[in-house]
Amino acid sequence: MSTQPSVTRMEKIVSLCKRRGLIFQSSEIYGGLNGFWDYGPLGAELKRNVKELWWKSMTRLREDIVGLEATIIMHPDIWKASGHVDTFSDPMSTCRACKKLVRSDQVWDMLETVPWAETIRSLCPEGKADVDGLLKWAKNKGLRLVPDLALVKDPEGVLATLAKRSSEATSVQATFEILSTAAAEGPLSTPCPHCGGELTEPRPFNLMFKTYVGPAATEDDIAYLRPETAQAIFVQFKNVLETSRVKVPFGICQIGKAFRNEVTPRNFTFRSREFEQMELEFFIKPDEVIEAQHGKTASLSDGAASTDPQPNWGWEVWHMYWVEERFRWYDSIGLKRSSLEEYWQKPDELAHYARATVDILYKFPFGTQELEGIAARGNFDLSQHQKFSGKSMEYFDQEANVKYVPHVIEPSAGVDRLILALICEAYEEEEVTDDKGQKEVRTVLHFHPRVAPIKVGIFPLLKNRPELVQKAVEIRDLLRQHMNVFYDETGAIGRRYRRQDEAGTPFCVTVDFDSIGENGPELQDTVTLRHRDSMTQERVRIADLLPFLQSQIL
RNA sequence: GCGGGUAUAGCUUAGUGGUAAAGCUCCAGCCUUCCAAGCUGGCUAUGAGGGUUCGAUUCCCUCUACCCGCUCCA
């Protein structure tokens with residue numbers, strides 16, 4: 001792999017994506033739109049292949065998962081139940097001094113962990129300030145640690161203000177605020193955890209896209225473009241259950257668009273405002289039910305999760321099983337385990353409803369970033385919808401003879417991130433030496449044949465020989481029924497090979513004079529099969545082409 | 001949202017207050033018996049909008065997009 005600076009590598013990848021028609025900027029002729037990207041002809045094929053492989057592995061190759069395709073706009077109460085209306089509108093503040101952006105609701109939590117803030121708190125227990133201590137600190141340590149804190153910038157003035165406003169200093173936090181405020185009167189400010197500077201008033205950051213249902217477009221008609229596809233699965237849980245003859249444990253999966261007004265769309269398509277998700281909600285029995293049935297749940301130390309699913313698996317084993325399944329799937333489309341990282345969220349990072357979350361990350365040129373999260377969510381979501389809708393989400397388990405709200409394991413992947421990872425992983429600038437000893441760069445996308453946008457390039461060796469062209473066209477028409485092929489007769493054969501290298505086409509077939517029997521009947525109806533990665537060629541019979549190619553792409 | 005940078009053809013880059021240059025790519029043709037060959041011809045650009053000026057791609061302002069930080073977790 002390349003050793004060039006990562007920025008350059010990413011820029012080259014972006015450039016290639018445009019040049020070969022993988023990814024374009026949305027609305028480009030109008031100047032583009034921040035956070036939106038389009039897929040060109042090659043990108044559309046690539047993305048389609050990836051989604052179909054996921055869908056096939058989830059639904060068709062399994063007995064225990066069914067599919068769903070829900071609408072993007074749903075009843076707005078869904079997002080109240082899911083918590084998105086609250087959690088997706090974080091108030092944010094900017095520090096006037098260091099310009100950093102912080103979540104207003106997390107400032108005091110952050111200040112709990114900062115040493116300089118700890119010092120201040122210890123100097124004003126219950127709000128009663130140790131004036132001498134503060135003065136000394138402000139003129140020594142404070143000067144080094146937080147030069148932008150009001151107390152540090154003007155110790156005497158701020159302490160005088162504190163004395164004047166002592167009636168307000170009723171708690172550690174209130175005193176802290178007074179010590180962070182430069183003005184002698186007026187509203188108190190909150191200190192920036194990074195530098196002690198003043199933070200701006202909290203500004204609401206609304207991450208959900210709003211729209212109106214109905215032409216009247218009044219406040220009562222507000223709805224949201226879904227910020228994730230998962231909620232639709234929970235909302236349709238009962239319908240699927242009653243129509244699909246499924247039994248817990250089982251899953252419902254969905255692929256679809258989701259929308260988030262990201263604060264900072266960045267890193268090419270990595271964080272987009274319109275993006276696509278592939279999500280599975282896999283419903284399992286609560287551990288208590290397993291214990292009642294089997295005495296205890298299987299534990300990870302028994303080697304569970306590496307076998308096929310067993311009836312005594314509790315949530316921990318199911319969670320691990322899905323982590324492993326997802327790694328296996330990534331491997332099957334060309335993302336080796338060694339290219340990925342696994343990150344177990346620490347207890348304090350977990351969402352309040354999550355019991356465990358594992359992130360699968362890819363080492364992008366711009367940093368190691370998340371592709372998929374696999375969360376054990378308990379029964380939070382179904383319970384929320386039960387509460388908000390007033391409809392029962394309970395499942396009657398005939399085996400255990402009990403009713404319960406199932407728990408869930410949620411593998412949730414970003415399609416567009418995965419596409420970008422596949423491109424980054426596949427990209428290589430290879431130095432090759434030609435016949436004359438000249439060194440040149442060959443740009444190749446080493447896509448796995450399963451995801452490659454074009455599976456095979458088909459060329460007549462020369463375009464001015466009708467027999468060659470005719471044979472090549474016949475092969476094209478034979479293969480195109482089964483896969484995406486690309487026919488090309490222009491320019492020199494080497495140029496055509498290199499073009500396909502850049503498009504990531506794993507195989508090329510060339511019809512030459514042997515193919516039409518000019519050099520003896522034993523070579524008639526054979527062609528050259530050229531392999532992208534090794535650039536080697538072999539002679540194969542036309543009749544063997546289709547079975548060979550299918551074995552590579554299925 | 002804040003701060004810093006960038007914007008010239010499909011791509012990579014020149015350049016100037018007065019006609020915008022090149023390489024690669026692409027298209028057409030000739031030639032060509034397996035790895036970006038050669039020859040001929042062709043298409044295509046100053047991100048958008050204002051201003052200063054006789055005249056702006058160049059100077060000034062605004063906007064937009066992209067890149068880098070703050071933030072983020074599909």
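As a basis for the values below, the full set of heavy atoms in this structure was taken, side chains included, without hydrogen atoms, waters or symmetry mates. Every chain is numbered from 1 and lettered A, B, ... according to where its sequence line falls, protein lines coming before strand lines.
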For a salt bridge (charged side-chain N to carboxylate O under 4.0 Å, His left out) check, start with the C-alpha distance between A/R442 and A/E430, then their side-chain angles and the critical distance, and finish with the verdict. CA-CA 5 Å; A/R442 180 175 84 118; A/E430 193 181 79; 2.9 Å; yes
If you assign A/R496 and A/R465 each to the RNA chain B nucleotide with the nearest heavy atom, which residue ends up on the more 5' nucleotide? A/R465
Map A/E276 and A/N34 onto RNA chain B by nearest heavy atom, then report which one ends up closer to the 5' terminus. A/N34
Inter-nucleotide [atom1] distance ([N], [M]), Å rounded:
N     : M     : atom1 : answer
B/A21 : B/A45 : C1'   : 12 Å
B/A65 : B/G47 : P     : 16 Å
B/C11 : B/U44 : C1'   : 12 Å
B/G4  : B/C63 : P     : 13 Å
B/U52 : B/G17 : C1'   : 12 Å
B/C67 : B/U57 : P     : 27 Å
B/C60 : B/C73 : C1'   : 43 Å
B/A56 : B/G49 : C1'   : 14 Å

Nearest-Å distance, [atom1] ([X]) to [atom2] ([N])?
X      : N     : atom1 : atom2 : answer
A/F24  : B/G47 : CZ    : P     : 21 Å
A/E467 : B/U33 : CD    : P     : 13 Å
A/R499 : B/A36 : CZ    : P     : 12 Å
A/F366 : B/C66 : CZ    : P     : 14 Å
A/Q369 : B/U71 : CD    : P     : 13 Å
A/N261 : B/A74 : CG    : C1'   : 16 Å
A/L420 : B/C73 : CG    : C1'   : 15 Å
A/E262 : B/C73 : CD    : P     : 7 Å

For a quick test of reading the model: is some side-chain N or O of [X] closer than 4.0 Å to OP1 or OP2 of [N]?
X      : N     : answer
A/R495 : B/U25 : yes
A/N464 : B/C30 : no
A/R442 : B/A36 : no
A/R19  : B/C26 : no
A/N267 : B/C68 : yes

Quick one: does [X]'s side chain have a donor or acceptor within less than 3.5 Å of a partner on [Y]'s backbone?
X      : Y      : value
A/N49  : A/V451 : yes
A/R417 : A/E370 : yes
A/S82  : A/H84  : yes

Give the nucleotide from the list [options] with an atom nearest to the side chain of [X].
X      : options             : result
A/R539 : B/U71, B/G10, B/C34 : B/C34
A/Q537 : B/C35, B/C66, B/C73 : B/C35
A/Y497 : B/C35, B/C11, B/G29 : B/C35
A/R498 : B/A74, B/C35, B/C66 : B/C35
A/F513 : B/U33, B/C73, B/A36 : B/U33
A/F268 : B/C67, B/C73, B/G1  : B/C67
A/E440 : B/A36, B/C11, B/A65 : B/A36
A/L462 : B/A74, B/U33, B/A37 : B/U33
A/R260 : B/A74, B/U12, B/C34 : B/A74
A/D512 : B/C66, B/C73, B/C34 : B/C34

Any chance the rings of A/F209 and A/Y224 have centres within less than 6.0 Å? no
Return the pairing partner of [N] with a 3.5 Å limit on both distances, Watson-Crick or G-U wobble; otherwise return none.
N     : value
B/G29 : B/C39
B/G23 : B/C11
B/C66 : B/G5
B/C59 : B/G51

For A/R541 and A/T526, test the side chains for any donor-to-acceptor distance below 3.5 angstrom and give the result as yes or no. no
With a 3.5 Å cut-off and no angle check, do the side chains of A/E341 and A/Y362 form a donor-acceptor pair? no
Tell me, with the steps shown, if A/R465 and A/D512 meet salt bridge (charged side-chain N to carboxylate O under 4.0 Å, His left out). CA-CA 10 Å; A/R465 304 299 164 92; A/D512 59 15; over 6 Å; no
Which part of the nucleic acid does [X] contact within heavy-atom distance under 4.0 Å: base, sugar-phosphate only, or nothing?
X      : value
A/G35  : sugar-phosphate
A/T264 : base
A/Q277 : sugar-phosphate
A/S272 : base
A/T528 : base
A/E410 : nothing

Relative to the ring of A/W318, is the ring of A/Y321 parallel (under 30°), tilted (30 to 60°) or perpendicular (over 60°)? perpendicular
Please work out which residues in residues 353-361 of chain A have a non-hydrogen atom less than 4.0 Å from an atom of RNA chain B and list them by number. none
Within 45° of the ring axis of A/Y330 and under 6.0 Å from its six-membered ring centre, is that where the NZ or CZ of A/R337 lies?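 No cation-pi geometry.
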Only one of A/E279, A/E281, A/E410 passes salt bridge (charged side-chain N to carboxylate O under 4.0 Å, His left out) with A/R377, and that residue is A/E410
For A/L545 and A/L529, run side chain to side chain contact (heavy atoms under 4.5 Å, CB included): C-alpha distance rounded to whole Å, both residues' side-chain angles, the deciding distance at 0.1 Å, then the answer. CA-CA 9 Å; A/L545 277 176; A/L529 179 68; 4.3 Å; yes
Donor-acceptor pair under 3.5 Å, A/R266 side chain vs B/G69 base: yes
